[in-house]
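Scroll down for the structure; my scribbles are underneath it.
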Amino acid sequence: MPDEPRHFLEQIIDADNASGKWGQWSPAECTSGQTPGTSRVHTRFPPEPNGYLHIGHAKSICLNYGLAEEFGGKFNLRFDDTNPSKEEQEYVDAIKEDVAWLGGAYEGAFGGGIFWASDYFGQMYAWAEELVQKGLAYVCDLNAEQMSQMRGDLKTPARSPHRERSPQESLDLLRRMKAGEFPDGSRTLRAKIDLNSPNFVLRDPVMYRIVHAPHHNTGDAWCIYPMYDWAHCLEDSLEGITHSICTLEFRNNRPLYDWFINAINQGRNADGSGKYGKLVHHPQQIEFAKLKLTYTVMSKRFLLQIVKDGKVSGWDDPRMPTLRGMRRRGYTAASIRQLCKDVGVTTQDSVIDVGRLENCLRDELNKVAPRRMGVLRPLRLRIVNWGEGGAADRVEMMNAINNPEDASAGTRPVAFTGELFIERDDFMENPPKKFFRLAPGAEVRLRYGYWVRCVDVVKDGAGNVTEVLCTYDPQTRGGDDPPPGPDGTVRKVKGTIHWVSATRNAKAEVRVFDRLFSAETPGERTGSFFDDLNPNSLEVLRDAVLEESLAHAEHGERFQFERLGYFCVDQDSRPGAVVFNRSVTLKDTWAKESAKDAGKPGTPAPRGTQGPQGPQGPQAGAKK
RNA sequence: UGGUCGAUGGUGUAAUCGGUAGCACAGCAGAUUUUGGUUCUGUUAGUCGAGGUUCAAAUCCUCGUCGACCAGCCA
């Protein structure tokens with residue numbers, strides 16, 4: 001049997017383990033997830049606490065945690081809190097919760113724990129002074145604008161008037177910066193690398209900037225804060241990270257990552273006898289392609305904006321690509337992990353069809369979600385000959401299968417009465433070919449109920465059908481086929497539709513969501529994401545009727561409403577005022593079929609309001 | 001325009017340092033079905049281009065083409 005193909009990161013780690021590059025876990029380091037003597041693999045997820053985590057972050061979490069688990073290593077959660085002006089405690093709490101929910105068990109068997117860049121500020125500063133003394137860093141008196149002007153361009157080297165300042169002078173200035181003697185932005189500490197480098201990242205990058213702002217963790221202890229490049233490699237080093245995995249856009253920064261570690265290691269050696277002591281750990285930065293999805297925007301700035309603007313109800317709006325939003329929508333952590341696994345890990349930029357995410361959820365829920373019947377947009381159906389089979393107001397309890405994929409889920413009783421509700425989309429007065437549902441003269445099976453034939457309709461003044469009149473066949477109880485006729489043939493029916501009793505039901509509010517954007521690549525058309533927001537991404541259905549038992553459904557429960565999709569109970573749900581979210585529709589080949597004839601009169605809308613993923617939805621024509 | 005990186009069906013991803021281009025999703029066709037769901041079967045479709053090396057190239061070389069990223073005191 002051939003093994004599963006290993007992605008490039010697994011191959012790198014395989015090779016590292018074979019060569020012993022990172023050494024082995026010592027007994028003291030091991031918890032239940034590690035074994036002494038096995039090769040060290042230590043990863044981390046380093047979010048900046050300035051926003052909520054989204055599906056893009058999920059890939060990084062799954063990758064980093066997954067590698068630690070696969071190789072019996074460790075996974076750290078580390079807050080990269082180096083910029084006090086943008087970060088808030090609110091985000092810290094949310095991120096912890098989301099990472100854990102997704103399965104990034106940073107405190108489990110493969111967890112290294114939770115860490116803070118801000119806890120290293122002291123050590124980072126000490127190393128900064130060291131670099132100044134080595135002549136590898138200097139204080140620059142340029143402000144941001146001046147530095148930008150002297151940055152040079154593709155063909156022109158940068159200029160820096162203070163780079164030849166003596167180490168003593170720089171050290172004095174750095175200490176005064178730290179002491180708070182200078183205003184914000186007036187000076188910086190810069191690495192002395194190469195003003196002529198074609199890689200702008202190396203043109204004497206800033207290591208520290210002056211920011212007089214309270215930090216959520218260190219308070220007002222500091223007024224200088226480290227920049228990403230200076231801080232990140234040190235954080236990794238201090239935590240013993242082996243594989244520092246980041247996204248592609250940090251490729252240009254890798255030489256700087258290595259430069260800083262090497263700069264610290266100047267004057268250090270393996271046995272600690274160097275002038276500055278022992279070598280510090282040098283992790284390896286490796287870049288991979290982040291997750292991008294069609295019809296989706298991950299930009300933190302943009303997501304923050306639509307929350308502020310009230311375009312969505314909050315960070316946990318079920319239409320948001322945030323982990324909280326998706327969780328509320330009904331996505332499971334396992335389905336998100338599955339997507340991350342499916343799409344692979346490479347160094348090629350790519351865009352994943354959001355439909356694959358939806359498929360992951362369907363696959364999982366199909367196996368486990370209990371089935372129920374629910375009518376989102378009710379149309380009354382009256383059985384005119386119901387009285388012939390007994391009392392006209394009788395209730396018959398029907399036996400419905402809870403999950404055809406899982407026999408152990410058993411069955412449940414469902415109340416059937418002479419007046420029912422069916423889905424408005426399941427009746428057409430003038431049906432097109434291949435419409436297998438109800439129409440004048442047509443017969444359908446009511447699932448687990450009876451076969452009914454439409455004999456008439458009732459209309460309102462405007463000509464809208466308000467009631468469908470049917471006869472039922474008492475010989476089809478349970479939805480079973482009737483006995484063979486006199487000629488030995490069995491009557492057939494093409495369609496089976498769902499229903500809910502008009503008198504024995506649970507009223508509910510159902511929120512059906514469509515994609516937040518109507519363009520496959522939001523912003524492509526006009527340059528603004530806002531122009532592609534789908535104005536119909538939310539529809540609230542207040543007249544939905546469900547099986548009685550659903551009146552007591554509790555927050556977090558998930559069901560398949562037969563023929564419609566998967567739904568979960570929203571946090572807004574209250575006893576007597578149940579609220580469901582549609583997580584995802586079922587695949588709907590009829591919607592697709594009928595959409596082929598779109599434009600022709602008499603073509604029905606896809607089942608269940610505003611169309612699922614069918615080309616008839618708002619995304620129609622979005623493809624270039 | 002300087003640098004770095006990438007390019008395999010519609011999409012995503014394999015092909016163990018040159019040896020039969022495979023898998024998944026989507027699509028299409030059919031079977032099963034008391035969900036137009038699920039499941040099953042079959043099927044369409046690909047190595048960015050031009051040269052070169054070689055018995056043999058997705059893989060190596062050259063030159064192009066296209067795309068991504070970089071000139072924050074953001075990360």
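All values derive from a computational prediction rather than experimental measurement. Naming: A, B, ... by sequence-line order, numbering from 1 per chain.
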By side chain to side chain contact (heavy atoms under 4.5 Å, CB included), A/Cys470 pairs with (sequence neighbours left out) A/Leu381, A/Leu438, A/Val452, A/Cys454, A/Val468

Rounded distance (nearest 0.5 Å) linking atom CG of A/Leu586 with atom CZ of A/Arg362: 7.5 Å

Should the pair A/Arg203 and A/Phe200 be classed as cation-pi, given the thresholds of under 6.0 Å to the six-membered ring centre and 45° from the axis? yes

Mind calculating the distance between OH (A/Tyr448) and C1' (B/U35) to the nearest angstrom? 8 Å

Identify whether any heavy atom of A/Val493 sits under 4.0 Å from a base atom; if not, whether one sits that close to sugar-phosphate; answer base, sugar-phosphate or nothing. nothing

Only pairs at least two apart or in different chains count here, so list each salt bridge (charged side-chain N to carboxylate O under 4.0 Å, His left out) that has a residue in residues 223-235 of chain A. A/Arg78-A/Glu235

Gap in Å between the two C1' atoms, one belonging to B/G67 and one to B/G30, rounded: 40 Å

Would you please test A/Phe580 and A/Phe561 for ring-ring contact (aromatic ring centres under 6.0 Å, His included) and show each step? CA-CA 11 Å; A/Phe580 275 92; A/Phe561 290 176; 5.1 Å; yes

Return the value, rounded to whole Å, for the distance between atom CG of A/Leu339 and atom C1' of B/A24. 12 Å

Which value, in whole Å, describes the distance between the C1' atoms of nucleotides B/U59 and B/A68? 23 Å

P gap between B/C40 and B/A57, integer Å: 38 Å

Could you state the atom-to-atom distance from NE2 of A/His498 to C1' of B/G36 in whole Å? 13 Å

Once hydrogens and angles are ignored, does a donor-acceptor distance under 3.5 Å link the base of B/G6 to the side chain of A/Glu287? no

Under a 4.0 Å heavy-atom criterion, the protein footprint on nucleotides 70-75 of chain B, written with B, S and -, is SBSBSB

Rounded to whole Å, how long is the line connecting atom CD of A/Glu4 with atom P of B/G22? 18 Å

Using whole Å, report how far CZ of A/Phe427 lies from P of B/G36. 18 Å

Could you state the interatomic distance from OH (A/Tyr91) to CG (A/Asn50), rounded to the nearest 0.5 Å? 7.5 Å

Look for any protein N or O under 3.5 Å of an N or O in nucleotides 43-49 of chain B and output each such pair with its distance, or none.
none

Mind checking side chain to side chain contact (heavy atoms under 4.5 Å, CB included) for A/Pro474 and listing every partner two or more places apart, or none if nothing turns up? A/Tyr472

Mind checking what makes side-chain hydrogen bond (donor to acceptor under 3.5 Å, both in side chains) contact with A/Arg159, not counting sequence neighbours? none

Please state whether the phosphate of B/A7, meaning OP1 or OP2, lies under 4.0 angstrom from any side-chain nitrogen or oxygen of A/Gln348. yes

Pairwise P distance, B/A21 and B/U16 [rounded to whole Å]: 14 Å

Do any side-chain nitrogens or oxygens of A/Lys292 fall under 4.0 Å of OP1 or OP2 in B/G12? no

A/Arg187/A/Glu181 ion pair, N-O < 4.0 Å: no

Can you find a donor-acceptor pair, distance only, under 3.5 Å between A/Arg362 side chain and B/U38 base? no

Please determine whether a side-chain nitrogen or oxygen atom of A/Ser197 lies at a distance below 4.0 Å from atom OP1 or OP2 of B/G3. no

Taking atom C1' in both B/C48 and B/G9, what distance in whole Å separates the two? 14 Å

Counterpart residues, side-chain hydrogen bond (donor to acceptor under 3.5 Å, both in side chains), relative to A/Asn402 (two or more places apart): A/Arg372, A/Arg412

Could you check how far CD of A/Glu524 sits from P of B/G67, rounded to whole Å? 12 Å

Which one, B/U13, B/U35, B/G36, comes nearest to the side chain of A/Pro404? B/U35

Which residues satisfy the ring pair (Phe, Tyr, Trp, His ring centres under 6.0 Å) test with A/Tyr566, sequence neighbours excluded? none

Quick one: which of B/C28, B/G6, B/U35 gets closest to the side chain of A/Arg371? B/U35

Could you measure between the two P atoms, the one in B/U62 and the one in B/C5, and give it in whole Å? 14 Å

Quick one: list whatever passes side chain to side chain contact (heavy atoms under 4.5 Å, CB included) with A/Gln305, sequence neighbours left out. A/Asp309, A/Phe530

Excluding sequence neighbours, so at least two apart, what forms salt bridge (Lys or Arg N to Asp or Glu O under 4.0 Å) with A/Arg337? none

Nearest heavy atom decides the nucleotide; on that basis, is A/Asp349 or A/Arg254 closer to the 5' end of RNA chain B? A/Arg254

Below the 4.0 Å mark, does B/U38 have OP1 or OP2 next to a side-chain nitrogen or oxygen of A/Lys367? no

Just to be sure I understand the rule, does A/Gly479 reach a base, reach only the sugar-phosphate, or reach nothing, if contact means heavy atoms closer than 4.0 Å? base

Give A/Ile352 one of three labels, base, sugar-phosphate or nothing, depending on what nucleic acid heavy atoms sit under 4.0 Å from its own. sugar-phosphate

Proximal nucleotide (of B/U35, B/G36, B/A14) relative to the A/Pro5 side chain: B/A14

Read 5' to 3' with Watson-Crick or G-U pairs under 3.5 Å, [ ] for crossing pairs and | for partners on another strand, RNA chain B gives .((((((..((((.....[..)))).(((((.......)))))....(((((..]....))))))))))).....

Using the C1' atom as the point on both nucleotides, what is the distance between B/A31 and B/C66, in whole Å? 44 Å

Does OP1 or OP2 of B/U13 have a side-chain N or O of A/Thr346 closer than 4.0 Å? yes

On RNA chain B, more 5' by nearest nucleotide between A/Asn359 and A/Gly449 is A/Asn359

Decide, for B/G22, between syn and anti: a glycosidic angle within 90° of 0 counts as syn, anything else as anti. anti

Rounded to the nearest Å, what distance is computed from the CG atom of residue A/Leu361 to the P atom of nucleotide B/G37? 18 Å

In whole Å, measure the gap between the P atoms of B/A75 and B/C23 for me. 46 Å

Tell me, with the steps shown, if A/Tyr125 and A/Trp222 meet side-chain contact (heavy atoms from CB on, under 4.5 Å). CA-CA 10 Å; A/Tyr125 178 78; A/Trp222 296 86; 3.7 Å; yes

Those residues at least two apart in sequence (or on a different chain) that pass side chain to side chain contact (heavy atoms under 4.5 Å, CB included) with A/Asn196 are A/Pro157, A/Asp194

Within this structure, what is the CG-to-C1' distance between A/Leu357 and B/G12, rounded to whole angstrom? 14 Å

Base of B/U16 paired with side chain of A/Gln11 (donor-acceptor, under 3.5 Å): no

